[in-house]
Undergrad: 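One structure, as structure tokens, below. Some questions next.
Each chain gets a letter, A, B and so on, in the order its sequence line appears, and its residues count up from 1.
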Amino acid sequence: MADVTFTVDGKKLTAPAGTLLIEACRAHGIEIPAFCYYPGLSLQAACRMCVVRIEKVPKLQTACTTPVAEGMVVTTESPEIAQARKATIELLLGNHPLDCPVCDAGGECELQDMTFKYGAHESKFADIKNHRDEQQWSPVVFFDRPRCILCYRCVRVCGEGMDVWALGIQNRGSGSVIAPNQQDHLDCEECGMCIDICPVGALTSGAYRYKTRPWEMSHVGTVCTHCADGCKTTLGVRRASDGMEIVRGDNRDKSGINGDFLCIKGRYAFDFANRDDRLTKPLLRQPNGEFKPVPWDEAIEFAGKRLREIRDSRGGSSIGVIGSNRTTNEEAYLLQKFARTVLGTNNIDHHRTADYPAFAAALAGISDASLRDFASAKAVLLLGNDPTEQHPGLAWQLRTGVRLRGLHLYVANHQNIKLRRQAAAFLQIREGDYAPLIAYLAGNDSALDGNGEAKAFREAIRAEESLLIVFGAEFRGRDIEALVQFGSSLPSVKFACLGDYANSRGAADMGLYPDLLPGYIPITASAQFAQEYGPSLPSQPGLDLLQMFDAARRGELAALYIVGSNPVARYNLDPAALRNTFIIAQDLFLTETARLADVVFPAANLYEKSGTVTNTFGDLQLVRKAADRAGARTDFELIVRLAAAMGANVKQLVPFEHRGVRADMGQARGAQSGEADRHGVWLAAHHLEPKLSPFDPFAILDEMQRLIPAYNVPRLDLLVGNDQHSRSGPASGLVQIQTAAARRDLVLPSSDTLFTSGTLGRYSSTLSSVLESREPAETAAD
Amino acid sequence: MSTQPAQPGTIFSPTLAARFDRLVTLYPVKRSALVPMLLYAQDEIGYVSDAVIAEVAARIGITELDVRNVVSYYSLLRTKPAGKYHVQVCTNISCMLRGGNEILDHCKKKLGIPNKGVTPDGVFSLEEVECIGACSWGPAAQVNYAFHENLTPESMDQVLADYRAKAQNGGGK
Ligand code: SF4
Ligand code: SF4
Ligand code: SF4
Ligand code: FES
Ligand code: FES
């Protein structure tokens with residue numbers, strides 16, 4: 001729209017016609033107070049805090065509902081306005097307890113700030129305040145009625161933003177009260193958006209309430225460890241007796257791809273990190289079959305020695321390695337390099353949640369979509385998956401796009417997924433009909449016989465000028481190829497493939513495959529890698545996960561190194577199968593898998609380390625160390641130490657002294673708990689200069705960027721925390737030569753819901769308590 | 001009104017259910033039928049029960065929470081059973097100046113119940129209300145849908161006596 005020019009507080013400003021005055025002022029650094037106004041939500045005009053004087057208009061006007069107009073002359077601060085705002089606050093405080101010293105929001109409360117600013121703390125009301133006890137509405141949401149200032153932000157964000165509509169307003173006038181959908185409790189998605197958006201301390205969370213004060217925490221921006229959307233989360237951490245504990249998560253600064261959105265997992269399911277049953281001491285199985293906690297050196301020496309013996313006597317091919325969906329790229333990269341060059345095996349795999357190799361092969365030049373692309377897309381075709389449950393961040397983007405930008409959403413699914421409510425067209429298909437659907441969309445009229453709505457659906461899609469196609473794990477191998485082929489026939493198209501966990505994409509990109517090197521380079525075409533890694537690189541594809549288990553059953557798998565993975569539970573593996581295998585497990589908890597191990601190393605989680613992760617859209621983001629648990633070590637450090645204990649050349653594994661290595665010299669490490677010292681001690685013991693540590697994940701980033709051109713994104717942008725879309729296309733990276741059809745389909749979607757997150761999710765008390773609170777209701781409904 | 005065949009799965013009489021079927025088609029958005037539906041439902045069931053809320057929500061296609069938001073807004077919608085004869089005494093300004101409060105107090109004493117109470121036999125309930133639009137003839141009271149004007153304690157006694165007699169004879173509302 002055309003720009004208009006207007007004057008605010010004597011300054012000439014311009015903004016596109018139709019812009020709200022409050023937004024236009026904010027854009028120019030003029031702050032207008034507002035309680036009920038919230039960008040992106042419908043206008044409420046309930047609080048009257050934003051009143052301004054507009055020349056030639058008789059009364060004060062609400063800046064949150066007034067669009068700018070040519071020649072408008074506005075005053076935003078004057079004695080008259082201050083008086084009006086003061087009166088508004090006085091009314092709000094009529095029944096407000098002003099218990100800031102004990103209120104959860106104290107120190108970051110918008111009402112507190114405004115009361116300070118306009119000085120309405122003295123009241124003319126003599127009436128006794130009407131106290132109501134706080135109520136718990138769900139394991140997550142608590143409500144303190146007297147503190148509520150009826151701004152309706154919570155009601156709107158839950159309804160409009162989340163499409164849950166769980167909050168309402170009952171009664172009227174001064175008796176109005178926010179009410180949950182089940183009269184005395186909530187049945188909702190437990191996202192905590194309402195709590196986050198509440199300008200005061202009326203809505204509080206079970207996780208954070210009354211634990212600390214905002215100024216007592218350090219705030220570290222990092223990436224959520226749960227699903228594969230890669231939401232940015234700011235963790236509030238504070239010192240605890242055994243490290244730094246996480247007390248809350250939010251994204252109030254809207255710094256990431258997710259804006260201020262987080263689902264329950266990103267916002268509250270960090271609590272696994274603080275659990276008492278975390279592993280904090282290495283465990284060594286004794287001859288009597290029991291675990292005994294032992295010092296680190298003993299455990300690492302023992303494990304390293306055994307691995308070396310096994311490698312030297314039975315060969316690298318008798319050793320298997322299983323990587324993780326939640327470790328950093330650097331760790332995944334290092335793990336495969338360790339497996340291939342130190343253990344001498346290509347027997348490496350991970351729990352695959354999407355067929356990324358087939359996707360990379362099919363793309364060959366067409367770019368895949370960043371999550372950011374969804375924020376500007378005109379049309380999206382969603383095939384399979386249920387983003388509301390499995391990709392809440394993406395679901396938020398899609399809902400927001402439809403609501404605020406008129407995005408056309410097309411959904412084809414075998415289930416009645418919730419996002420159909422936002423869809424311009426929803427096509428219900430049978431579960432096995434995803435491949436025929438693509439054939440149909442591509443022009444084969446008989447492929448979807450009997451589906452009367454398919455024709456209109458196809459025509460609508462074909463009429464779109466540009467399209468973003470996003471698909472779930474229903475598509476693998478050939479189906480992905482066919483889908484990409486169909487998409488390429490459209491004028492302008494981008495694709496996104498949905499995997500399940502924080503770094504599932506990274507694990508795939510980093511080559512946690514028996515037949516693929518980092519960047520999906522077939523093991524048989526490894527010339528460049530051989531140059532970097534040396535001649536020790538085995539040239540034959542190794543065993544995949546299931547083959548490793550088979551080998552173990554036959555007694556042919558002498559050792560298995562499992563990093564951050566619980567295959568025993570995930571693949572329902574009979575423990576007896578691993579009876580004759582020497583197992584090293586690295587994990588946070590004594591999982592079903594770790595219980596079978598001979599050596600268990602307590603590992604740090606994604607919130608306790610630095611590095612990078614890649615979300616399922618290929619967006620590369622920096623992970624910053626926020627928390628710390630005494631006793632746990634990062635997977636990176638553990639791999640390096642294990643290699644050292646095996647007698648490997650650590651400098652070869654992590655080129656930390658390599659000429660030209662650009663590293664961050666520790667600033668990404670975090671030194672809250674004497675960690676820097678530990679590095680120093682190790683370096684001194686190995687007669688190395690304390691310049692750059694081999695435990696520094698950035699020491700290996702150069703090599704990664706060299707070998708995987710897709711990851712060669714600007715380093716500075718990465719370090720300051722901007723998400724960087726990895727570049728695909730044949731010239732720059734992610735090339736795969738082998739055809740998808742030749743590979744075995746080992747994708748096992750985890751089918752997580754909003755309230756589960758694989759093994760890790762089971763250790764979150766927030767998620768468990770939500771699941772428990774729902775059980776009776778769900779059985780009743782059956 | 002013609003009798004309608006019973007509808008399965010409804011708590012309302014066939015006539016009312018049929019009326020609701022039509023009501024939701026009358027407005028550009030179904031939601032506009034909400035308040036009339038609630039009023040009719042209250043007349044038939046006696047109050048807006050949980051079952052009423054559930055069925056009305058389903059008929060309109062909104063959440064029960066939405067229905068509750070509206071029910072709680074209007075004081076003329078009640079969520080608890082009232083007496084057979086619901087006595088609403090106006091104490092708004094015109095009636096107040098002409099003795100509305102006295103009429104209310106008199107009713108309380110006579111019926112032995114407080115504001116918003118129901119007599120143990122379920123015949124009467126009492127409520128203090130704002131202006132009912134009979135200001136020219138205040139003090140005024142409304143019993144169910146019938147108006148009683150220019151009241152005095154004595155004439156109020158008569159009004160109550162008439163209704164009690166009606167109730168004893170098994171009379172309707
Ligand atoms: S937690 Fe989320 S879904 Fe639940 S009431 Fe709040 S905003 Fe709505
Ligand atoms: S609970 Fe908070 S967000 Fe909701 S209306 Fe009250 S003050 Fe506003
Ligand atoms: S949507 Fe995914 S990445 Fe975002 S907060 Fe939820 S689990 Fe974490
Ligand atoms: S912010 Fe404008 S009225 Fe509340
Ligand atoms: S004041 Fe009583 S009817 Fe209007």
Side-chain angles (χ1 to χ4, degrees), chain A residues 36 42 44 46 130 132 135 137-138 141 143 145 148 150-191 193-194 203 388 399 416 418 420-423 426 777 780-781, chain B residues 9 11 24 28-39 41-42 45 47-82 88 90-93 96 114-116 127-133:
Chain A
C36 69
S42 64
Q44 188 83 36
N130 192 355
R132 293 291 151 86
Q135 302 166 14
W137 283 347
S138 80
V141 187
F143 181 57
R145 179 175 169 184
C148 172
L150 292 169
C151 67
Y152 307 133
R153 281 189 195 176
C154 54
V155 176
R156 284 173 289 154
V157 79
C158 182
E160 299 163 16
M162 295 303 299
D163 191 27
V164 173
W165 308 95
L167 296 172
I169 314 117
Q170 299 195 344
N171 307 332
R172 70 190 135 119
S174 64
S176 300
V177 57
I178 301 299
N181 57 359
Q182 301 297 313
Q183 302 196 53
D184 61 346
H185 69 276
L186 273 169
D187 175 10
C188 72
E189 293 183 6
E190 311 280 2
C191 63
M193 288 300 284
C194 52
L203 286 165
T388 311
R399 283 192 306 266
N416 252 324
K418 193 180 148 204
R420 74 179 187 285
R421 307 209 299 221
Q422 276 72 32
F426 173 67
Chain B
I11 59 163
V24 291
V29 285
K30 274 183 169 184
R31 208 191 154 100
S32 306
L34 179 56
V35 172
M37 275 170 93
L38 289 169
L39 285 169
Q42 171 164 288
I45 309 284
Y47 68 107
V48 182
S49 62
D50 286 352
V52 168
I53 291 175
E55 184 168 337
V56 168
R59 280 176 176 271
I60 297 183
I62 56 179
T63 63
E64 292 185 24
L65 178 69
D66 276 331
V67 179
R68 283 182 203 282
N69 293 345
V70 171
V71 171
S72 61
Y73 185 90
Y74 291 105
S75 57
L76 73 168
L77 293 169
R78 49 179 186 268
T79 51
K80 292 204 181 70
Q88 299 152 73
C90 172
T91 57
N92 213 303
I93 186 106
M96 188 256 286
N115 181 26
K116 299 206 169 154
E127 189 179 357
E128 175 181 9
V129 295
E130 304 301 329
C131 179
I132 53 177

Undergrad: So, taking the atom named CH2 in A/W165 and the one named CG in B/D66, what distance separates them when rounded to the nearest 0.5 Å?
TA: 8.0 Å
Undergrad: Mind listing the closest non-hydrogen atom pair of A/N171 and B/S72 along with its distance?
TA: N-OG, 2.8 Å
Undergrad: Does atom CD1 of B/I93 have more than 12 heavy-atom neighbours, drawn from other residues, nucleotides or ligands, at distances under 6.0 Å?
TA: no
Undergrad: Under the side-chain contact (heavy atoms from CB on, under 4.5 Å) criterion, do B/R68 and A/Q183 qualify, and how do the steps go?
TA: CA-CA 9 Å; B/R68 283 182 203 282; A/Q183 302 196 53; 2.7 Å; yes
Undergrad: Taking all heavy atoms of B/L65 and all of A/N181, pick out the closest pair and write down the distance.
TA: CD1-CA, 3.8 Å
